[in-house]
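Read through the structure below, which is laid out as structure tokens, and then see the notes.
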Amino acid sequence: MAASGFAITPVYRRVLLKISGESFCREGESGISMTEVASITRQIHQVVQAGVQLAIVCGGGNILRGRQFAEISETIVPSTAHYMGMLATIINGLALQDALESIGVPTRLQSAIRMEGVAEPFIRRHCLRHLEKGRVVILAAGTGSPFVTTDTAAALRAREIDAEVVLKATKVDGVYSEDPSKNPHAIRYTDITFREVLDQNLQVMDAQAMHHCMEHGIPIVVFNYRRADNIARVISGERIGTRVTVERAAPTSQHN
Ligand code: UDP
């Protein structure tokens with residue numbers, strides 16, 4: 001998926017992009033495929049060139065999810081499993097960093113767990129300085145605390161760095177009324193409120209992340225990053241994917 005000559009006219013100055021671990025591997029596989037990583041870095045390059053300040057929270061589910069791992073292992077303590085999950089996000093962060101730098105995007109990797117040899121500690125003021133200098137800041141190790149996910153980390157960091165929006169990059173086109181792979185008549189929402197998402201138990205981000213964004217009025221856009229230029233299009237304010245806001249922007253929905 002190559003980024004084309006799409007001309008970006010950013011409507012956001014500072015953006016928090018959440019990339020799940022599944023974006024780092026091939027469909028149905030685990031681990032890291034640098035080919036998959038490259039498909040997202042080209043788009044990141046595109047938006048950074050347009051002057052958008054970009055912080056990225058990366059997940060770790062392609063390597064290990066704490067809760068699942070604790071469930072299948074008799075001897076592992078749940079908190080240890082979650083720390084392992086956080087370390088998985090560092091591995092992804094390192095891969096993303098080198099992939100971005102290889103195409104000329106300046107980056108910094110910041111970790112919520114101290115790891116001086118490979119990453120800077122997350123320090124808000126340093127993070128902001130990097131962003132102002134045009135560096136992509138990759139935020140790894142989630143919140144640094146067990147029992148939550150990187151969705152929650154994305155929501156918390158978005159507020160901390162004053163990001164105007166959380167972009168949730170996924171492999172589906174947005175938020176649906178039902179699973180579109182099971183029901184072809186499922187409706188994709190273009191605009192929906194946090195309250196509707198929570199009441200209908202729709203899958204956007206985990207509940208903690210949702211509540212945080214709702215409370216602080218940080219919109220979330222869920223979109224398919226695998227379509228060419230979609231990150232640039234979302235950042236240009238195009239109405240793709242699903243936009244989750246405190247108040248409904250416009251009463252629109254469309255069939256799959
Ligand atoms: N994790 C954690 N605290 C955090 C963020 C993540 O304990 O603040 C652990 C948790 O076990 C999680 C794993 O790290 O399952 C990987 O993150 P996540 O599942 O959010 O990755 P994604 O689903 O985005 O790939």
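Atoms within each ligand, like the ligands themselves, are counted from 1 in listed order.
Counting heavy atoms under 4.0 Å from ligand 1, residue Lys18 touches it through the side chain alone. With a 4.0 Å heavy-atom cut-off, ligand 1 is reached by the backbone of Phe147 but not by any atom from C-beta on. Neither the backbone nor the side chain of Ala153 has any atom closer than 4.0 Å to an atom of ligand 1 (non-hydrogen atoms only). Only the backbone of Ser145 comes within contact range of ligand 1, with a heavy atom under 4.0 Å; no side-chain atom does.
Counting the atoms of ligand 1 from 1 in the order shown, those under 4.0 Å from a heavy atom of Gly21 are 22 (P), 24 (O), 25 (O). Taking every non-hydrogen atom of Gly61 and a distance limit under 4.0 Å, the qualifying atoms of ligand 1 come out as 21 (O), 22 (P), 25 (O). The atoms of ligand 1 that sit less than 4.0 Å from any heavy atom of Pro146 are 7 (O). Distances below 4.0 Å separate heavy atoms of Leu64 from the following atoms of ligand 1: 13 (C), 16 (C). In summary, the atoms of ligand 1 found under 4.0 Å from a heavy atom of Gly59, numbered by their order in the structure, are 21 (O), 22 (P), 24 (O), 25 (O). Atoms of ligand 1 lying under 4.0 Å from any heavy atom of Arg65, numbered from 1 in the order shown and given with element: 15 (O), 19 (O), 22 (P), 23 (O), 25 (O). Of all atoms in ligand 1, numbered sequentially from 1 with element shown, those under 4.0 Å from a heavy atom of Thr150 are 5 (C), 6 (C), 17 (O), 18 (P), 20 (O), 21 (O), 22 (P), 24 (O). Near Ser20, meaning under 4.0 Å from any of its heavy atoms, are these atoms of ligand 1: 24 (O), 25 (O).
For the pair Arg157 and Phe122, the cation-pi test (distance below 6.0 Å, angle within 45°) is passed.
Looking only at protein heavy atoms, the nearest one to atom 15 (O) of ligand 1 is Gly66 N, 3.2 Å. The single protein non-hydrogen atom nearest to atom 10 (C) of ligand 1 is His82 ND1, 3.4 Å, given as residue, atom name and distance. Ranking protein heavy atoms by distance to atom 13 (C) of ligand 1, first place goes to Gly85 CA, 3.6 Å. Protein heavy atom in closest approach to atom 2 (C) of ligand 1: Val148 O, 3.0 Å. The nearest heavy-atom contact from the protein to atom 21 (O) of ligand 1 is Gly60 N, 3.0 Å.
At a 4.0 Å cut-off, not a single heavy atom of Ala88 sits close enough to ligand 1 to count as contact.
Ring planes of His126 and His130: perpendicular class, angle over 60° (limits at 30 and 60°).
Counting heavy atoms of neighbouring residues, nucleotides and ligands inside a 6.0 Å radius, atom CZ of Arg13 exceeds 12 of them. For CD of Gln200, the number of neighbouring non-hydrogen atoms (other residues, nucleotides, ligands) closer than 6.0 Å is greater than 12.
Nearest-heavy-atom check against atom 5 (C) of ligand 1 across Asn62, Asn92, Val57, Thr149 picks out Thr149.
Of all heavy-atom pairs spanning Cys213 and Val166, the tightest one is SG-CG2, 4.3 Å. Nearest heavy atoms, Lys171 versus Cys25: NZ-O, 3.7 Å. Between Thr89 and Ala141, the shortest heavy-atom contact is OG1-N, 2.6 Å.
Exactly one of Arg233, Arg227, Arg243 qualifies for a salt bridge (Lys or Arg N to Asp or Glu O under 4.0 Å) with Glu238. That residue is Arg233.
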